[in-house]
Amino acid sequence: MQEMKPIKEGKVREIYDNGDSLIMVATDRISCFDVILKNEVTKKGTVLTQMSKFWFDMTEDILPNHMISVDVKDMPEFFQQDKFNGNSMMCRKLNMLPIECIVRGYITGSGWESYKETGKVCGIELPEGLKESDKLPEPIYTPSTKAEIGDHDENISFEQSIAHLEKYFPGKGQEYAEKLRDCTIALYKKCAEYALSKGIIIADTKFEFGLDEEGNIVIGDEMLTPDSSRFWPAEGYEPGHGQPSFDKQFARDWLKANPDNDWTLPEEIVDKTIEKYLQGYEMLTGKKLG
């Protein structure tokens with residue numbers, strides 16, 4: 001069996017080059033506040049991969065995506081080990097576009113901070129009198145530039161996104177910027193409406209897109225996972241304050257409350273965290289994770 005090494009390692013994911021495709025593995029690592037914690041959260045990687053698959057399947061009518069297979073039998077022998085089963089996705093290679101496509105349906109996080117100061121989010125004027133966690137009249141598109149590792153992504157306006165894309169793809173900036181915005185909002189609307197019918201509010205999320213060999217725009221990376229989105233339970237949703245979420249909230253809260261934590265979580269916090277991931281997956285898909 002040929003040993004394979006990742007060509008790229010992120011905080012949570014590893015990417016392997018498989019010739020004409022890539023294999024993306026979502027590990028069970030967990031990062032909070034941009035630091036990889038010392039604990040692993042069993043099954044977390046599988047939740048992320050299977051959730052992306054679920055959404056990719058659901059949105060093929062809006063836009064194609066990069067997924068080829070999540071079955072390790074379709075991958076080189078190296079991936080037919082337990083640790084890759086369920087959390088690996090074979091994907092088409094794309095020329096990734098240098099924009100993170102963020103869409104916000106509710107006002108929270110950095111958007112809320114900005115609104116309190118200026119009445120705007122990323123330069124977009126919002127109605128007066130919104131409360132924290134309020135649903136916005138219409139989802140807003142707030143792109144950012146993808147930072148190099150260690151730098152922070154920078155929020156930009158739609159106009160700046162045209163100029164940014166034009167730098168990399170001369171003559172195409174306007175066309176790509178409009179298509180990214182329109183697809184981002186269309187994807188969000190369809191999926192947020194579905195999620196709400198299952199008891200989950202998708203407050204905001206980010207998508208990444210790339211170009212395939214024919215120059216078509218394709219969804220890449222991950223899609224609508226608790227790592228790239230804010231999921232809130234619809235039950236008990238109440239604007240006016242922050243909402244509990246289906247992701248790393250337990251871990252973040254515990255770390256904040258225990259500043260001398262050495263980036264290590266107690267076992268019960270790890271258990272509660274994975275329980276949230278699994279609960280979100282089961283509510284959305286109607287399936288238990290095998």
Asks: Hydrophobic cluster mates of Trp112, side-chain heavy atoms under 4.5 angstrom, ILVMFWY only, any path?
Replies: Ile107, Tyr115, Val121, Ile124, Leu126, Leu130, Leu136, Ile140

Asks: In terms of ring plane angle, is the pair Phe33 and Trp263 parallel, tilted or perpendicular, where the classes change at 30° and 60°?
Replies: tilted

Asks: Suppose we screen for salt bridge (Lys or Arg N to Asp or Glu O under 4.0 Å). Which residues come up paired with Asp28, at least two apart in sequence or across chains?
Replies: none

Asks: Quick check for you: to the nearest 0.5 Å, what is the distance between Ile23 atom CD1 and Met75 atom CE?
Replies: 5.5 Å

Asks: Take Tyr188 and Phe207 through the test ring pair (Phe, Tyr, Trp, His ring centres under 6.0 Å) and record every step on the way to the result.
Replies: CA-CA 9 Å; Tyr188 173 77; Phe207 301 114; 7.9 Å; no

Asks: In this structure, would Phe250 and Ile274 fall into the same cluster of hydrophobic residues linked by side-chain contacts under 4.5 Å?
Replies: yes

Asks: How far does CD1 of Ile201 sit from OH of Tyr237, to the nearest 0.5 angstrom?
Replies: 5.5 Å

Asks: Side chains of Lys190 and Asp61: does their closest heavy-atom pair fall under 4.5 Å?
Replies: yes

Asks: Is it the case that the side chain of Arg92 and the backbone of Gly220 share a donor-acceptor pair, with hydrogens and angles ignored and the cut-off at 3.5 Å?
Replies: no

Asks: Do you see a donor-acceptor pair shorter than 3.5 Å between the side chains of Glu178 and Gln174?
Replies: yes

Asks: Between Asp227 and Lys44 (salt bridge meaning N to carboxylate O under 4.0 Å), is one present in this structure?
Replies: yes

Asks: For Lys5, which residues count as a salt bridge (Lys or Arg N to Asp or Glu O under 4.0 Å) partner, sequence neighbours excluded?
Replies: Glu3

Asks: Are Phe54 and Tyr194, when compared by the centres of their aromatic rings, separated by less than 6.0 Å?
Replies: yes

Asks: Output the rest of the hydrophobic cluster of Met96: all Ile, Leu, Val, Met, Phe, Trp and Tyr residues reachable through side-chain heavy-atom contacts under 4.5 Å, sorted by chain and number.
Replies: Leu94, Val218

Asks: Check whether the side chains of Ser157 and Gln160 place a donor and an acceptor atom closer than 3.5 Å, and report yes or no.
Replies: yes

Asks: Do the side chains of Met24 and Leu48 get nearer than 4.5 Å, heavy atoms only?
Replies: no

Asks: Does a side-chain heavy-atom distance below 4.5 Å link Met67 with Met223?
Replies: no

Asks: Checking Glu132 now: which residues fulfil salt bridge (Lys or Arg N to Asp or Glu O under 4.0 Å) with it, not counting sequence neighbours?
Replies: none

Asks: Taking atom types as modelled, is there a side-chain donor on Lys53 or Gln50 under 3.5 Å from an acceptor on the other?
Replies: no

Asks: Determine the interplanar angle of the Phe78 and Phe84 rings, folded into 0 to 90°, and report it as parallel if under 30°, tilted if 30 to 60°, perpendicular if over 60°.
Replies: tilted

Asks: Applying the side-chain hydrogen bond (donor to acceptor under 3.5 Å, both in side chains) test to Arg230, which of Asp247, Thr205, Asp204 qualifies?
Replies: Asp204

Asks: Give, for atom CG of Leu284 and atom OG of Ser197, the distance between the pair rounded to the nearest 0.5 Å.
Replies: 9.0 Å

Asks: How long is the span from the CD1 atom in Ile99 to the CZ atom in Arg181, to the nearest 0.5 Å?
Replies: 12.5 Å

Asks: What's the separation between atom CG in Leu37 and atom CH2 in Trp254, rounded to the nearest 0.5 Å?
Replies: 9.5 Å

Asks: Can you list every pair that meets side-chain hydrogen bond (donor to acceptor under 3.5 Å, both in side chains) and has a residue in residues 71-87, with sequence neighbours left out?
Replies: Ser69-Asp74

Asks: Side chains of Lys276 and Phe231, heavy atoms from C-beta outward: is any pair under 4.5 Å?
Replies: no

